[in-house]
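These notes are about the structure you will find just below.
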Amino acid sequence: MIKFFRHIRRSLINQNKMKNYFKYAFGEVLLVVIGILIALAINNWNENRKAKNNEIVLLSKLQEENSLNMTSIEDHLELRKEMPDAVDSFLNSLRVKT
């Protein structure tokens, strides 16, 4: 492909068709710029896709950790509710022994 473009460029210069050569050169530069812009757009799309996938993974881990924390809090609350009764029964058992 590069040989093809090189051949066109050389033939235009050799035939002294500078106007056509500049049109060709401008078209070639324009194609390169468009190719770079397309590559950047694809790269940005891919990076956004990866970031969204990472976000989904992190959110699911946070949800799992949150549910574990809620379970732990509920267990601790149950223990706190049982503490006064346990302390009362302990004190009563001490009173009975004395």
Side-chain angles (χ1 to χ4, degrees):
M1 191 74 170
I2 294 174
K3 288 182 181 181
F4 173 72
F5 288 125
R6 186 179 298 146
H7 175 70
I8 292 173
R9 194 175 335 127
R10 283 186 184 162
S11 67
L12 288 174
I13 290 174
N14 289 338
Q15 295 172 6
N16 288 331
K17 295 184 179 180
M18 292 305 284
K19 185 177 179 181
N20 287 340
Y21 173 72
F22 285 126
K23 285 181 186 177
Y24 165 78
F26 179 75
E28 192 172 341
V29 169
L30 187 64
L31 282 175
V32 169
V33 169
I34 289 172
I36 290 171
L37 291 175
I38 290 172
L40 285 173
I42 290 171
N43 187 39
N44 286 341
W45 171 78
N46 193 32
E47 291 298 320
N48 288 339
R49 184 185 59 83
K50 286 179 185 177
K52 189 165 188 101
N53 287 344
N54 285 341
E55 180 182 0
I56 290 170
V57 168
L58 288 175
L59 287 174
S60 66
K61 286 181 180 179
L62 281 173
Q63 187 177 15
E64 182 180 332
E65 185 178 349
N66 187 34
S67 65
L68 289 174
N69 287 340
M70 289 301 292
T71 304
S72 175
I73 288 171
E74 289 170 356
D75 290 344
H76 282 89
L77 285 175
E78 287 297 320
L79 285 174
R80 294 271 182 191
K81 288 179 183 176
E82 296 171 2
M83 274 187 184
D85 293 335
V87 170
D88 285 342
S89 64
F90 176 72
L91 290 176
N92 286 337
S93 68
L94 288 179
R95 286 184 196 141
V96 171
K97 289 182 182 178
T98 56

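Atoms considered below: every heavy atom in the structure, side chains included; atoms not considered: hydrogens, waters and symmetry mates.
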Under a 4.5 Å side-chain heavy-atom rule over Ile, Leu, Val, Met, Phe, Trp and Tyr, are Leu37 and Val29 clustered together?
yes
Separation between CG (Asn69) and NE2 (His76), nearest 0.5 Å, reads 11.0 Å
Evaluate Asn46 against Arg49 for side chain to side chain contact (heavy atoms under 4.5 Å, CB included), listing each step before the verdict.
CA-CA 5 Å; Asn46 193 32; Arg49 184 185 59 83; 2.6 Å; yes
From Glu55 CD over to Leu58 CG, what is the distance, rounded to the nearest 0.5 angstrom?
8.0 Å
Under 3.5 Å, is there a donor-acceptor pair between the side chain of Thr71 and the main chain of Ser67?
yes
Please check if the number of heavy atoms outside Glu64 that lie under 6.0 Å from its CD is greater than 12.
no
Show the nearest heavy-atom pair for residues Lys81 and Pro84, with the distance to one decimal.
O-CD, 3.5 Å
Quick check: do Ile38 and Ile42 have side-chain heavy atoms less than 4.5 Å from each other?
yes
Separation between OG of Ser89 and CD of Glu82, rounded to the nearest 0.5 Å:
11.0 Å
Is there side-chain contact between Leu30 and Ile34, with at least one heavy-atom pair below 4.5 Å?
yes
Rounded to the nearest 0.5 Å, what's the gap from CG on Asn43 to CG on Asn48? Could you check?
9.5 Å
Start with the C-alpha distance between Leu62 and Asn66, add both sets of side-chain angles, then the distance that settles side chain to side chain contact (heavy atoms under 4.5 Å, CB included), and finish with yes or no.
CA-CA 6 Å; Leu62 281 173; Asn66 187 34; over 6 Å; no
